[in-house]
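Working notes, beginning with the structure itself.
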Amino acid sequence: MLAANLTSPPDPSAKLISVVAPAYNEEDVLPAFHKRLCAVFDGLDHELEVIYVNDGSSDRTIALLHEMRVQDPRITLIDLSRNFGKEIAMTAGLDHASGDAIVVIDTDLQDPPELIPEMIRLWLAGHDVVYAQRTAREGESWVKRATASAFYQVIQRLSRVKIPQDTGDFRLMSRRAVDALLRLREHHRFMKGLFAWVGFPQIAVPYRRDARFAGNTKWNYWKLWNFAIEGITSFTTVPLKIASYMGLFISLFAFAYAAFIIYKTLMFGDAVQGYPSLMVVVLMLGGIQLASLGIIGEYLGRMFNETKQRPLYLTQAVLPSRHAERRAAGASIPSSAQADCIQAQEA
Ligand code: UDP
Ligand code: MG
């Protein structure tokens, strides 16, 4: 990791802000995203470092990023060896961020970069984590809103870690919060949960979540369902407990019922009867057993994946920004950094 404190910026209160932006097939939005991000930092005294993580895109994303990096010396480029998914792409970016504060943001412009100055203000006021909380979810169907809300309610009931509602990954984190987060190297990365687990003083900033600027969301209902299972299994073992209690309860009931049947047979004999009730009991027990096995399986599968201890991701290339290279060499950053951005915008 690069040392951020090698430089002495002109303004002693100026900080290095890293922006981590994962990109998967975002050729349509990347230039517009970078332009808006630059415009925001033009109005700030703080130094900027943008870490783009190419998450195995199959379109022109990587070529575009290379071009952008040539034009803007503040761009660091991480090219993952394949598509690892957003949570891992974000982690790769955080691993390489050297800022005093780090902002995680989507590149599809659903997270407005204009919120960053307010986040920085709250961070400087002493909050370690400043997360953006949606007030409106544009371009999302009511089904998605309803399922999202149900998910938050379930996980809130089941888990001891409080995960704030309507909060995505868009947030600013202090150096110490990121360092803490990076110590969690689990493979099943339910980021919302990990962010909350880390703790530290946290505060929300409300914002309107816009619809995607261009391109398509990479989510569908099957992925969202799996995401929900991921969230629940990585943050609570309550489903395992439910399975055990269900088993216990049903066995007690079964014993009582067995006693009753034995008594009845002894007293009154048994004409062959009761086929329907037998079927019902057998099927119900079978179903519950399979469901419980499934729940155990979900946890077991995750344990299996964690025990393999594979690296979280592999990179094809890590190209540090030219500013980062200068900082590492102990040189100062030219104050013309802003001009670079203007050029990048024109391109
Ligand atoms: N993303 C990624 N890898 C993936 C899927 C998405 O890096 O496998 C990035 C994507 O480029 C975008 C962000 O994660 O910057 C959010 O993705 P998307 O818009 O598809 O998710 P949504 O906003 O619908 O939650
Ligand atoms: Mg999006």
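For ligands, and for the atoms within them, numbers begin at 1 and follow the listed sequence.
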Would a distance-only check, ignoring hydrogens and angles, find a side-chain to backbone donor-acceptor pair under 3.5 Å from R171 to V104?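 Not confirmed, R171 side chain does not pair with V104 backbone.
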Ligand 1 versus [X]: contacting region, heavy-atom distance under 4.0 Å:
X	value
K86	both
D55	side chain
Q110	side chain
V53	neither

Flag if over 12 foreign heavy atoms under 6.0 Å of OH, Y299: yes
Give a yes or no on whether a salt bridge exists between [X] and [Y], defined as a side-chain N under 4.0 angstrom from a carboxylate O.
X	Y	answer
E325	R322	no
R302	E298	yes
R74	E47	no

Atom nearest to the Mg ion (ligand 2) - D108, N, O or S atoms considered: OD2
Under 4.0 Å from a heavy atom of [X]: which atoms of ligand 1 are those, numbered in the order shown and with their elements?
X	value
N83	3 (N), 4 (C), 8 (O)
D106	13 (C), 15 (O), 16 (C), 23 (O)
E26	10 (C), 11 (O), 12 (C), 15 (O)
A23	7 (O), 11 (O)

P22, any N or O under 3.5 Å of ligand 1 N or O: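 There is such a contact, yes.
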Should the pair R82 and F84 be classed as cation-pi, given the thresholds of under 6.0 Å to the six-membered ring centre and 45° from the axis?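 Yes, cation above the ring, under 6.0 Å and within 45°.
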Which of these passes ring pair (Phe, Tyr, Trp, His ring centres under 6.0 Å) with F190: W197, F195, F227? F227
